[in-house]
Amino acid sequence: MDPADQRKRANRGLIIGLVAMTAGSFAFGWALIPLYDVFCRLTGIGNAEAKAGPSSAREAIDPNREITIEFLADPASVGSFEFRPKIASMRIHPGKLYDTNFYAKNLTTAASVAQAVPSISPGVAAKYFHKTACFCFSPQSFKVGEGRDMPVRFIVDPGLPSNVDRITLAYTFFDTTQSAARR
């Protein structure tokens, strides 16, 4: 076999491999969103429930049950931000949509970016606590000295186990100005 035929055969194999890899990458990218939604529904994390719209279970308000929701805030970067809930707690009925606000103020002498990371306890309540709108979904930009209320809209699924009568929604507020500048 002459070298030209070997080169043609090698090039043909390379082209077939590249086309297969391109098609496979496209198929994986196409399937990634539905796979992520399935992952979020199975694990109870993410925002799959909010994108899916209201379900009949969440529309059924339980007027006979009250749960206390406590709100906590922790500015992880000492001195960078003032960060606190507007109210410390509220009594809610499962199945009803509620709004609350957190307040954040940039205490630095430069424009800053911050990101809130939520935590829900007890852990069993996390899959029943659904945020439909939250400042934690994206980084927040602040001008020098700017302070503002940041909303959270949530609903607690009526399927929450009956032994849970108190849920804590806590946020840690990180100054991400340096990492935002690198992007």
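Below, all heavy atoms of this structure are taken into account, side chains as well, without hydrogens, waters or symmetry copies.
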Can you name the one residue among Thr168, Ile167, Thr100 that meets side-chain contact (heavy atoms from CB on, under 4.5 Å) with Ile69? Ile167
Answer whether the closest heavy-atom distance between the side chains of Phe142 and Lys105 falls below 4.5 Å. no
Do you know the tightest heavy-atom contact between Val113 and Ser141? CG2-OG, 3.9 Å
Among Asp157, Val156, Leu160, find the one that has a side-chain contact (heavy atoms from CB on, under 4.5 Å) with Phe129. Val156
Above 12 or not: heavy atoms from other molecules or residues under 6.0 Å from CZ of Arg9? no
Pairwise side-chain contact, Leu97 with Phe154, heavy-atom cut-off 4.5 Å (strictly under): no
So do the side chains of Lys131 and Cys136 get within less than 4.5 Å of each other, counting heavy atoms only? yes
What residues form a salt bridge (charged side-chain N to carboxylate O under 4.0 Å, His left out) with Asp62, not counting sequence neighbours? none
Closest heavy-atom pair and its distance - Ala125, Val164: CB-CG1, 4.5 Å
Rounded to the nearest 0.5 Å, the CE atom of Met90 sits from the CD atom of Glu66 at a distance of 11.5 Å
Rounded to the nearest 0.5 angstrom, the CD1-NZ distance for Ile120 and Lys127 is 13.5 Å
Could you go step by step and tell me if Gln140 and Gln115 meet the side-chain contact (heavy atoms from CB on, under 4.5 Å) rule? CA-CA 6 Å; Gln140 302 293 315; Gln115 177 72 51; over 6 Å; no
Separation of Lys96 NZ from Ile92 CD1 (nearest 0.5 Å): 10.0 Å
Just wondering, do Val124 and Pro161 contact through their side chains at under 4.5 Å, heavy atoms? yes
So for atom CZ, which belongs to Arg7, do other residues, nucleotides or ligands contribute more than 12 heavy atoms lying within a distance under 6.0 Å? no
Nearest-0.5 Å distance, CG of residue Asn106 to NZ of residue Lys143: 12.0 Å
Sequence neighbours left out, what passes side-chain hydrogen bond (donor to acceptor under 3.5 Å, both in side chains) with Arg166? Give chain and number order. Glu70
Report the residues that fulfil side-chain hydrogen bond (donor to acceptor under 3.5 Å, both in side chains) with Lys86, sequence neighbours left out, ordered by chain and then residue number. Asp149
Counting C-beta onward and ignoring hydrogens, is there a side-chain heavy-atom pair between Ile155 and Tyr98 closer than 4.5 Å? no
Contacts table for residues 19-26: side-chain donor-acceptor under 3.5 angstrom, sequence neighbours left out:
| unit_1 | atom_1 | unit_2 | atom_2 | d |
| --- | --- | --- | --- | --- |
| Thr22 | OG1 | Leu18 | O | 2.8 |
| Ser25 | OG | Met21 | O | 3.0 |

Transitive ILVMFWY side-chain link Val144 to Leu107, under 4.5 Å: no
Between Pro94 and Arg65, what is the shortest heavy-atom contact and its length? CD-O, 3.3 Å
Verdict with supporting geometry, Phe135 and Tyr171, ring-ring contact (aromatic ring centres under 6.0 Å, His included): CA-CA 10 Å; Phe135 62 92; Tyr171 288 100; 4.9 Å; yes
Could you list the residues that satisfy salt bridge (charged side-chain N to carboxylate O under 4.0 Å, His left out) with Asp99, not counting sequence neighbours? Arg153
Got a sec, which residues hit side-chain hydrogen bond (donor to acceptor under 3.5 Å, both in side chains) with Asp165, two or more places apart in sequence or on another chain? none
Within the 4.5 Å heavy-atom criterion, are Phe102 and Arg84 side-chain neighbours or not? no
Hey, are the side chains of Ser112 and Phe81 touching, using non-hydrogen atoms and a 4.5 Å cut-off? yes
4.5 Å side-chain heavy-atom contact, Arg148 and Glu146: yes
For the residue pair Phe173 and Phe83, does the interplanar ring angle fall in the parallel (under 30°), tilted (30 to 60°) or perpendicular (over 60°) class? parallel
Of all heavy-atom pairs between Ile61 and Pro63, which one has the smallest distance, and what is that distance? O-CD, 3.0 Å
Would you confirm whether Thr108, through its side chain, and Ala110, through its main-chain N or O, come within 3.5 Å as a donor-acceptor pair? yes
Inter-residue atom distance Ser89.OG - Ile67.CD1, 0.5 Å rounding: 13.5 Å
Run the numbers on Tyr103 and Asn101 for side-chain contact (heavy atoms from CB on, under 4.5 Å), then give the verdict. CA-CA 7 Å; Tyr103 177 80; Asn101 285 293; over 6 Å; no
